[in-house]
Amino acid sequence: MEHGDKDWEREEKRLDRVKNLINHKLDKIRIHVKTLKDRVIDIRKNFWDDVTVNLDEMDDVIETQASLKQQAEFLSERERSHGQLSKEVDTLERLNHSPYFGRIDFKEDGEATTQPIYIGIASLMDERDEDFLIYDWRAPISSMYYDYPPGLAKYEAVDQEISGEITLKRQYIIRQGQFKGMFDTGLTIGDHLLQSMLGGNASTTMKSIVATIQREQNQIIRNERSKFLVVQGVAGSGKTSAALQRVAYLLYRYREELSSDNMILFSPNPLFNSYVSTVLPELGEDNMKQTTFYRYVDTYLGYQFAVESPFEQMEYYLSANKEQPPARITAMRYKASIAFKNLIDQFLQDLQVGGIQFRNIRFRSKLVVSKKQMWNFFYALPSSLSIPVRMEKMKHWLMEQLDELEKTEVNEDWVLEESELLDKADYLEVHQQLQEETPFSEDTFMDYAREEALLRKKVIKNTLKPLRKKIQRLYFIDVKQTYLQLFNYQWYKAEAIDQQLWQQICSETREKIQANALTWEDAVPYLYFEKSMKGFRVNRTMKHVIIDEAQDYTPFQFAYLRKVFPASRMTLLGDINQAIYVHALEEENVLADQNHKNFEKITLTRSYRSTKPIVEFTRSWMPEGDQIEAFNRDGSLPEVMEVDDLGAAEDRLLHTIEHYKAKGHETIAIICKTLRESEEVYHYLKQYMDVTLLDPTTHTFHKGVLVIPTYLAKGIEFDAVLLYNASKTRYQTELERNLLYTACTRAMHDLFVLSLGELSPYIQQVPKQYFKHYKIHATQ
């Protein structure tokens, strides 16, 4: 919509006034920050000068402790104030760059005047701190900007619903504090703004674009009612950014009871952790805890097993013979299921009456408590008690046995010999204890005997300490040998699996675990079993769990997370079209499971990342692809090239990379199916250019030419994508179709698909008007 000169002038004058106020506040706060900083440094430097230290009498000691506490609290309060003011400076500096991005004029029912509401990344009060010049985008009143076109509107205030009419809805483009443009709009936020932002280059970190939040994304961000919020979003629909903005909203909304320490994000890989790490700080919030599910699991199991990563499992599957799949492929599917969890639960129930394996407890090669004695004690306890409760009772009994052992061993000759090897500090401690007990003794013999007794006691306690620690940690349970009984195929049978195949799965599982190795499909079931034996220590400090790429989590893994975080709300983000793990072929799926209370599902069907031609191309081979909507951003048709020779393929690769560089693309990704293929392409390209290989250990990436396997590219976007070898032999199964879709949808502006030989059948079914097709022979 065109605006008159006066309207433009009014907006420019208001922007200048707001910027002047921001700068004025910045000047005042910076002076205060410097004063506080100097004061903190001064307190630290002179800390002990201001503390009265007197330890002569008990009253003096108490007074000294009080003085220390007072001084420490004083320093802590100053440091806290300095930190809060520094945060305020950061917020004001961000506002100075772009104070606000939107405005609605709202006339509340029953009011005579219309209120202009300017919306930005943070709130700003006027000079007298009486009226809002800018409203935080998370404020209740700001929700109308995202949810309503001009006309009747309403929002939820703290204790009531406010209704009225929006008479104007306007967007601004402000860069480096300069007024660049404005336009009035309807419901859809920012078609002009989105075109501008999406048309730029990809970034090595995710952008936080609160100015262009869409209505359906706002429903995700402000959802407060659902225990489980599931977001099924097509590639490029903004589900991850909406989830992170949801975190920022919840931290704003529940500031008094929620902090970033109470929230955790499970991301697909370390690279993605780095990619999203700047979003919350840009919104003025501290980053929440971030980890991968593999790292989380390995923290518990890595000290006793070599745990396979999900990426290693993926590489195994992609290289397996699909015509005659090994038993492990069946095991991957079965061990992902709730049926397998139920089998473990039945096994645990059977262990109530027999079958648990224990370890002998030895001390200096002497058998203290045998496995048989432990077995007899445990199964003599009432079977009505749970296994963890009985283990606790057994732990206390074993500690008593160590107490008895300590009494008998303390007088052995080896104890006195060991006392000669004690540290000087141990001798001083014994000497001090002796002085406290008999400070004025004149009986040298008695002193010597008492000193020897104290030294013996210290030696025996120090020597038994590691054993006590092991008993405290329940190491006396042989979890591994107990668990392996589950795979004694004469006893336990997987109902859904052929008997001969189950026997093979059992044999392979036992062999792996005996060698202290866990496949990824065994890792969570084993961890679940171990915690069920020893007692689940649930995490109640986490109030919110966010799981990205949730379609890659097995039903068993999700059930485990629900048990570990019973007090948490969960936001699950994913795209069933990007399900690339074997279990995704089964009917059970985390994104589709609606058998929970307080379950809500939001579906995002519009893709913003890629140009319209790329979206039309990629959706053509997906089931229900017609449900995927393309944002109306024009661009070049994807190019598909078939070559019959490796040399020709390599030449085309080099030519296309140089072409994309000339177009100004800053991140160019060559996406290969596997890590091995990625390594081969990388070693070829590095002869001719600077190129970076991204693998499962990569934590960050920079602009340039990048080579990456398909499964690591999830959630990330690039200016241009070159998909290497999309041939019939490489992409033909259902999961490989999803891999193909995942790889191609990483492209923002340009997509080039190269095939060595005949194209994948999925690309062959794409209507010809959606891409440019070339065939190059080696002679050309």
Side-chain angles (χ1 to χ4, degrees), residues 187-189 191 194-195 198 212 214-217 219-220 230-242 549-552 572-580 584-587 589-594 600-640 671 710 713-715 717 721 723 726 728 731-753 755 759-773:
L187 173 62
T188 304
I189 299 292
D191 273 5
L194 267 173
Q195 290 282 7
L198 297 173
T212 55
Q214 305 298 294
R215 186 179 190 181
E216 64 274 17
Q217 293 167 336
Q219 291 175 353
I220 298 166
V230 175
V231 180
Q232 158 61 43
V234 301
S237 57
K239 52 187 177 292
T240 301
S241 58
E549 304 296 347
Q551 76 281 348
D552 292 337
L572 311 179
L573 315 163
D575 179 10
I576 201 66
N577 290 329
Q578 297 181 67
I580 60 174
L585 296 172
E586 306 303 302
E587 290 183 6
N589 187 277
V590 171
L591 293 180
D593 188 359
Q594 300 186 28
E600 184 172 352
K601 184 174 183 178
I602 295 176
T603 302
L604 303 177
T605 58
R606 200 176 194 202
S607 179
Y608 298 95
R609 174 187 298 130
S610 306
T611 62
K612 187 175 182 180
I614 293 174
V615 173
E616 289 176 336
F617 173 73
T618 54
R619 73 183 180 185
S620 298
W621 67 77
M622 298 305 295
E624 301 181 6
D626 57 340
Q627 302 295 313
I628 301 171
E629 305 169 43
F631 178 69
N632 191 22
R633 183 165 67 89
D634 203 9
S636 305
L637 285 175
E639 296 184 87
V640 177
I671 301 182
T710 47
K714 282 191 167 192
E717 59 192 25
V721 165
L723 180 62
K728 183 178 181 179
Y731 296 93
Q732 55 180 313
T733 68
E734 188 176 344
L735 283 183
E736 288 166 344
R737 177 197 64 202
N738 292 359
L739 274 174
L740 185 67
Y741 175 77
T742 300
C744 291
T745 54
R746 302 307 95 200
M748 289 180 65
H749 309 301
D750 278 298
L751 174 63
F752 180 84
V753 178
S755 175
L759 272 169
S760 163
Y762 298 117
I763 296 180
Q764 289 186 40
Q765 72 187 46
V766 178
K768 299 302 180 188
Q769 68 267 26
Y770 289 150
F771 65 101
K772 296 176 182 177
H773 186 216

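Numbering starts at 1 and runs along the sequence shown. These figures come from a predicted structure and were not determined experimentally.
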*Just jot down the side chain to side chain donor-acceptor pair (under 3.5 Å) partners of T733, sequence neighbours excluded, or say none.*
E736
*asked:* Tell me every residue that passes ring-ring contact (aromatic ring centres under 6.0 Å, His included) with F617, counting only those two or more places apart in sequence or in another chain.
replied: W621, F771
*Contacts of R746 that satisfy side chain to side chain donor-acceptor pair (under 3.5 Å) - sequence neighbours left out*: Q578
*Taking only residues two or more places apart in sequence or in another chain, which ones pass side-chain contact (heavy atoms from CB on, under 4.5 Å) with S237?*
V234, K239, L604
_Taking side-chain contact (heavy atoms from CB on, under 4.5 Å) as the definition, give me every residue that meets it alongside Q769, ordered by chain and number, with sequence neighbours left out._
P767
*If you look at every heavy atom in A713 and I671, which pair is closest and at what distance?*
CB-CD1, 4.2 Å
*Could you pull out the closest heavy-atom pair between A743 and L723, with the gap in Å?*
CB-CD1, 3.7 Å
*Please test S755 against V640 for side chain to side chain contact (heavy atoms under 4.5 Å, CB included), starting from the C-alpha separation and ending with a verdict.*
CA-CA 8 Å; S755 175; V640 177; 5.9 Å; no
*Partners meeting salt bridge (Lys or Arg N to Asp or Glu O under 4.0 Å) with D575 (sequence neighbours left out)*: none
*Taking the side chain as every heavy atom from C-beta outward, state whether T742 and K714 have any atom pair closer than 4.5 Å.*
yes
*asked:* Tell me the closest heavy-atom pair linking I614 and P638, and the distance in Å.
replied: CA-CG, 4.0 Å
*Any side-chain heavy atom of L572 sitting closer than 4.5 Å to one from V231?*
no
_Min side-chain heavy-atom separation P623-R737 under 4.5 Å_ = yes
*Do R606 and F631 have side chains that get closer than 4.5 Å, going by heavy atoms?*
yes
_So, using side-chain contact (heavy atoms from CB on, under 4.5 Å) as the criterion, who are the partners of Q764 when residues are at least two apart?_
E758, L759
*Would you sort out whether V615 and Y770 count as a side chain to side chain contact (heavy atoms under 4.5 Å, CB included), showing the intermediate values?*
CA-CA 10 Å; V615 173; Y770 289 150; over 6 Å; no
*Taking side-chain contact (heavy atoms from CB on, under 4.5 Å) as the test, write out the residues that go with T745, two or more places apart.*
A235, T618, Y741
*Is there a side-chain contact between Q232 and I576 (heavy atoms, below 4.5 Å)?*
yes
*asked:* Taking the side chain as everything from C-beta on, heavy atoms only, tell me whether M622 gets closer than 4.5 Å to R619.
replied: no
*Which atom names give the shortest non-hydrogen contact between S610 and A747, and what distance separates them?*
OG-O, 2.6 Å
*Quick one: do I763 and V753 satisfy side chain to side chain contact (heavy atoms under 4.5 Å, CB included)? Show the steps, please.*
CA-CA 10 Å; I763 296 180; V753 178; 3.7 Å; yes
*Shortest non-hydrogen separation from A242 to Q217 and the atoms involved*: CB-CB, 4.2 Å
_Contact summary for I580 and D552, nearest pair of heavy atoms_ = N-OD1, 3.6 Å
*Side-chain donor-acceptor pair under 3.5 Å between R633 and H749, yes or no?*
yes
_My understanding is that only residues two or more places apart in sequence, or in another chain, count here; which of them pass side chain to side chain donor-acceptor pair (under 3.5 Å) with Q219?_
none
*Any side-chain heavy atom of L751 sitting closer than 4.5 Å to one from L637?*
no
*Qualifying residues under salt bridge (Lys or Arg N to Asp or Glu O under 4.0 Å), relative to E639, sequence neighbours excluded*: none
*Who pairs with D750 by side chain to side chain donor-acceptor pair (under 3.5 Å), at least two apart in sequence or on another chain?*
K663, H665
*asked:* List the residues meeting salt bridge (Lys or Arg N to Asp or Glu O under 4.0 Å) with E629, not counting sequence neighbours, and say none if there are none.
replied: none
